[in-house]
Amino acid sequence: MLFRLIIISCILIGCSSTNNSDNVIYNKLSNIEIEANDTYISDLIKKRVQNNLIIYNNKQILKKKFKLILNIKEDIEGSLLSNSIRKIEISTNFRIINNENSQVVYKGSFARNSLVPPIDSLFSRDQSERNAKKRLGVSIANDIVVRLIEWAQSS
């Protein structure tokens, strides 16, 4: 029984200790402020990214070192009057700027799209498009968080 407690405590101590490189990554991710367009999808993406990065926040930091600028564009292909498949595409351009010297330290762009089936009711079509945009926004926010973590690890 004592042997099991020693093994479990060694595992817990080994897993709970963080190395210095993890602290550097956490500090970078806690030093990011986010700026986005003033649209529903942009606000959704911004809030999702902020909520995902909140676990890295350092309460002692007053001034953020980096600024993430998101440029979100929505495009819906297809006629509003015809009853056909519509393609919704949300493209994202982002860049991280160092606030100290206004230098771009990381940038990227990508797009996600979704198809909305033909729906007769205008209300149902609008609701379906809104749900598709929300799903795309969540997907984009998750992808941005992954790219931010990769950036923090690589630099």
Side-chain angles (χ1 to χ4, degrees), residues 15-16 18-155:
C15 292
S16 66
T18 59
N19 60 20
N20 215 6
S21 65
D22 286 344
N23 290 334
V24 171
I25 293 169
Y26 296 154
N27 286 336
K28 281 185 180 178
L29 293 175
S30 68
N31 273 320
I32 297 175
E33 65 178 304
I34 302 171
E35 183 179 298
N37 305 4
D38 194 27
T39 63
Y40 171 74
I41 295 299
S42 297
D43 287 340
L44 174 79
I45 292 169
K46 177 182 174 181
K47 287 176 184 171
R48 296 280 302 198
V49 171
Q50 284 175 338
N51 288 341
N52 284 325
L53 293 180
I54 202 163
I55 59 172
Y56 304 111
N57 276 356
N58 187 348
K59 304 280 190 231
Q60 300 169 350
I61 298 172
L62 297 176
K63 185 177 179 188
K64 300 291 186 177
K65 185 175 180 179
F66 301 103
K67 181 185 290 187
L68 172 65
I69 299 175
L70 298 172
N71 186 13
I72 312 293
K73 293 182 183 172
E74 302 173 32
D75 185 34
I76 299 177
E77 295 177 4
S79 172
L80 182 63
L81 300 176
S82 70
N83 193 7
S84 62
I85 295 176
R86 296 174 58 127
K87 178 182 174 185
I88 299 174
E89 182 177 71
I90 299 179
S91 59
T92 307
N93 292 321
F94 64 93
R95 61 185 187 268
I96 301 173
I97 297 175
N98 188 337
N99 286 336
E100 294 172 356
N101 57 13
S102 298
Q103 186 178 27
V104 176
V105 293
Y106 185 69
K107 64 180 178 178
S109 64
F110 60 94
R112 297 285 181 264
N113 58 43
S114 179
L115 297 176
V116 177
I119 300 173
D120 291 330
S121 167
L122 289 177
F123 174 77
S124 297
R125 185 183 310 166
D126 183 53
Q127 195 66 35
S128 179
E129 288 175 4
R130 187 175 303 141
N131 290 339
K133 287 179 187 179
K134 190 173 181 179
R135 284 191 307 272
L136 290 174
V138 169
S139 173
I140 287 170
N142 292 338
D143 199 358
I144 288 173
V145 169
V146 168
R147 291 172 190 237
L148 289 175
I149 292 170
E150 289 174 351
W151 162 74
Q153 289 175 342
S154 68
S155 59

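The figures that follow rest on heavy atoms only: side chains count, while hydrogens, waters and symmetry mates do not.
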Check Ala152 against Lys28 and note the closest heavy-atom contact, atom names and distance. O-NZ, 3.8 Å
Please give me the minimum heavy-atom distance between Ile88 and Leu136, naming the atom from each residue. O-CD1, 3.8 Å
Tell me if a side-chain donor or acceptor on Asn71 pairs with a main-chain N or O of Asn93 at a distance below 3.5 Å. no
Taking Asn52 for the side chain and Arg48 for the main chain, is one N or O donor matched with an acceptor at less than 3.5 Å? yes
Please report the interatomic distance CG(Leu44) to NZ(Lys133), rounded to the nearest 0.5 Å. 12.0 Å
Residues, nucleotides or ligands: over 12 heavy atoms within 6.0 Å of Leu115 CG: yes
Is it true that Arg147 and Asp143 make a salt bridge, defined as a side-chain N closer than 4.0 Å to a carboxylate O? yes
Atom pair CD/CG of Glu35 and Leu70 - distance to nearest 0.5 Å: 9.0 Å
Keeping the roles fixed (side chain from Asn101, backbone from Gln103), state whether a donor-acceptor pair exists under 3.5 Å. yes
Residues passing the salt bridge (charged side-chain N to carboxylate O under 4.0 Å, His left out) test with Arg135, sequence neighbours excluded, are none
Between Arg86 and Val116 (side chain of the first, backbone of the second, donor and acceptor by atom type, cut-off under 3.5 Å), is there such a pair? no
Does the Asn99 side chain pair with the main chain of Lys64, one donor and one acceptor, at a distance under 3.5 Å? yes
Could you walk me through whether Arg130 and Asp126 pass salt bridge (charged side-chain N to carboxylate O under 4.0 Å, His left out), step by step? CA-CA 6 Å; Arg130 187 175 303 141; Asp126 183 53; 3.0 Å; yes
Can you list the residues that meet the salt bridge (charged side-chain N to carboxylate O under 4.0 Å, His left out) rule with Arg95, with sequence neighbours excluded? none
Over 60° means perpendicular and under 30° means parallel, so classify the ring planes of Phe110 and Phe94, tilted if in between. perpendicular
